[in-house]
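What follows is a short report on a single structure.
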Amino acid sequence: MNTYTAGDITLEQVREYVWEIPQEGDMGTPARVFASEELLEQIADDKTLEQLKNTTHLPGVQKYALCMPDGHQGYGFPVGGVAGIDAENGCISPGAVGYDINCGVRMMRTNLTYDDLRGNEEELVDALFANIPSGLGGGGVVEGDIDAVNDVLDRGMAWALDEGYATEADLAHCEDEGVRQESDPSAVSQKAKDRGKNQLGSLGSGNHFLEVQRVTDVFREDVAEAYGLSEDQIVVLIHCGSRGLGHQVCNDYLRKIEKTHSGLLSKLPDKELAAAPAGSQLAEEYYQAMGAAINFAWVNRQLIMHRTRQVFERVFGQSWEAMEMELLYDVAHNIAKKETHDVNGEEKELFVHRKGATRAFPAGHPEVPGAYLDVGQPIIIPGSMGAGSYVLCGGEESMNLSFGSTAHGAGRVMSRTQAKKDYWGGDVQDELEQEQIYVKAQSGATVAEEAPGVYKDVDEVVKVSDALGIGDKVVRTYPVCNIKG
DNA sequence: ATGTAC
């Protein structure tokens, strides 16, 4: 048998691109990594594999804890990690969702082609940058008060529809129609709401961005047609999350859970995996507060998309409807959700934790929106600002292999600190401009931290997903304009 | 990711 040893962890190869950490000692289940050897090498020296192994200690983990091909180390639980945990006898863990609750991406189509846009790139990037709030701190498309925030937390994109920031079609083309019903604003602290009320419709910082892209490759004509995508088409990708509000929710509940469920915590190999037992009051409250933050993030991306439509109207002198600026889909990358999955022949309700992982439901799954039911849900995988991105469709094997999940991006290979030593923001911008990619950011440091070289090869990540049949290649895009914090 | 700090 082929094995791969990293530190004191030895993985056994199950088959091509599937590696297993066998169950031993106190591990509740085995763990699996979906990766090529090239990708495995990139996580051999950090804490990713140790964290993945630790994850199997959470009570109620089913089948195996998983790491997607873009995985890397995170807070307690790897980014790129997926765990299906028994919703009746197991637990829920904020660290296995992530600090940025419902960080995610949406893609908006247009009927413009790259030729329509050539020569206007600088005007467009300037207009987007001037009109879409970005960077750390406050300021959003909407200046909300506490009542608005409560409504957003309760109703998600239904709020945006009523306020004139969204259409029925926008809601229909969003994971869960843009609303987590099991949310409760009263489970969210005043402090979290205060942080969120002036951040409604803001990109934030770090790896968050808005990118105008062109479709360069079509791999699956039939699915691309169902998604309304074709070569040379201009699309817009929006990547952001729940800002300070979601961060505060995560922090609030980590502290409460550590205190109240210290007995469970003491049995876990890492304090950062703190978890509330299923059925406990804190499990319920965290689930409702997380749901509220999920709703906030969907509204956040909706407001940014709304503003983007207005900017395109101004720059191109046409209505957004005439430019057919329709939402393709919006996917969450950091959530836990109650879902029913087959576990060894038995239907079980699980808290599926996806942290830096995308839902990847295949054709025919009842939760895939009607328009995509025959081809599977769209999966949007942003790569770096120099590499471009992919749209995949939910793969036939995802329900068997990965609790209906796949990768979420390229995955970092270099820390932010190291990136700032290796790159200078202005130089990165100049090099990208040589490739006709126009980048504008609040901070040069952010550009350095997000330089293309700090990311894994998105083509390699997607190759693994496609080969395993958990998310299949549909189209590839290449950056044109990018704005970020 | 994040009012980049408990």
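The chains referred to below are lettered A, B, ... by the order of the sequence lines, with proteins before strands, and numbering in each begins at 1. Please read these numbers as outputs of a predicted model, since none were measured by experiment. Just so you know, these numbers use all the heavy atoms, side chains as well, and skip hydrogens, waters and symmetry mates.
The residue among A/Gln199 and A/Asn251 whose nearest nucleotide of DNA chain B is located toward the 5' end is A/Gln199.
Near DNA chain B, meaning a heavy atom under 4.0 Å away, there are no residues from residues 74-83 of chain A.
Nucleic acid contact for A/Lys191: base, since at least one base atom lies under 4.0 Å from a heavy atom of the residue. Counting non-hydrogen atoms under 4.0 angstrom, A/Glu449 reaches nothing in the nucleic acid. Using a 4.0 Å heavy-atom distance criterion, A/Ser242 is classed as making no nucleic acid contact. Within the 4.0 angstrom heavy-atom criterion, no nucleotide atom of any strand lies near A/Gly241.
Considering only residues two or more places apart in sequence or on other chains, A/His408 meets the side-chain hydrogen bond (donor to acceptor under 3.5 Å, both in side chains) condition with A/Asp70. When the side-chain contact (heavy atoms from CB on, under 4.5 Å) test is applied to A/Glu177, no partner is found at least two apart in sequence or on another chain. Scanning for side-chain hydrogen bond (donor to acceptor under 3.5 Å, both in side chains) contacts around A/Glu339 gives A/His341, A/Arg354, with sequence neighbours left out. Take A/His247 and apply the ring-ring contact (aromatic ring centres under 6.0 Å, His included) test, not counting sequence neighbours, and it matches A/Tyr99.
Residue A/Asn102 contributes atom CG, which lies 13 Å from atom P of B/dT2 at whole-angstrom precision. Atom CD of A/Gln418 is separated from atom C1' of B/dT4 by 18 Å (rounded to the nearest Å). Between the CG atom of A/Leu203 and the C1' atom of B/dT2 there is a distance of 15 Å, given to the nearest Å. For A/His247 and B/dT4, the NE2 to C1' distance is 9 Å, given to the nearest whole Å. The distance between atom CG of A/Asp252 and atom C1' of B/dT2, rounded to the nearest whole Å, is 13 Å. Between A/Lys420 atom NZ and B/dT4 atom P the separation is 13 Å, expressed in whole Å. In this entry the distance linking CZ of A/Arg243 with P of B/dT4 reads 12 Å, nearest Å. For A/Gln248 and B/dA5, the CD to C1' distance is 13 Å, given to the nearest whole Å.
The closest donor-acceptor contact from the side chain of A/Thr56 to the backbone of A/Ala65 lies at 3.5 Å or more, if one exists at all.
Annotation: cation-pi pair A/Arg412/A/Tyr455 present, NZ/CZ under 6.0 Å from the ring centroid and within 45° of its normal.
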Could you give the side-chain donor-acceptor pairs of residues 150-160 of chain A under 3.5 Å, partners two or more places apart or in another chain?
unit_1: A/Asn150; atom_1: OD1; unit_2: A/Lys193; atom_2: NZ; d: 2.9
unit_1: A/Asn150; atom_1: ND2; unit_2: A/Ile146; atom_2: O; d: 3.2
unit_1: A/Arg155; atom_1: NH1; unit_2: A/Asp162; atom_2: OD2; d: 3.2
unit_1: A/Arg155; atom_1: NH2; unit_2: A/Asp162; atom_2: OD2; d: 2.6

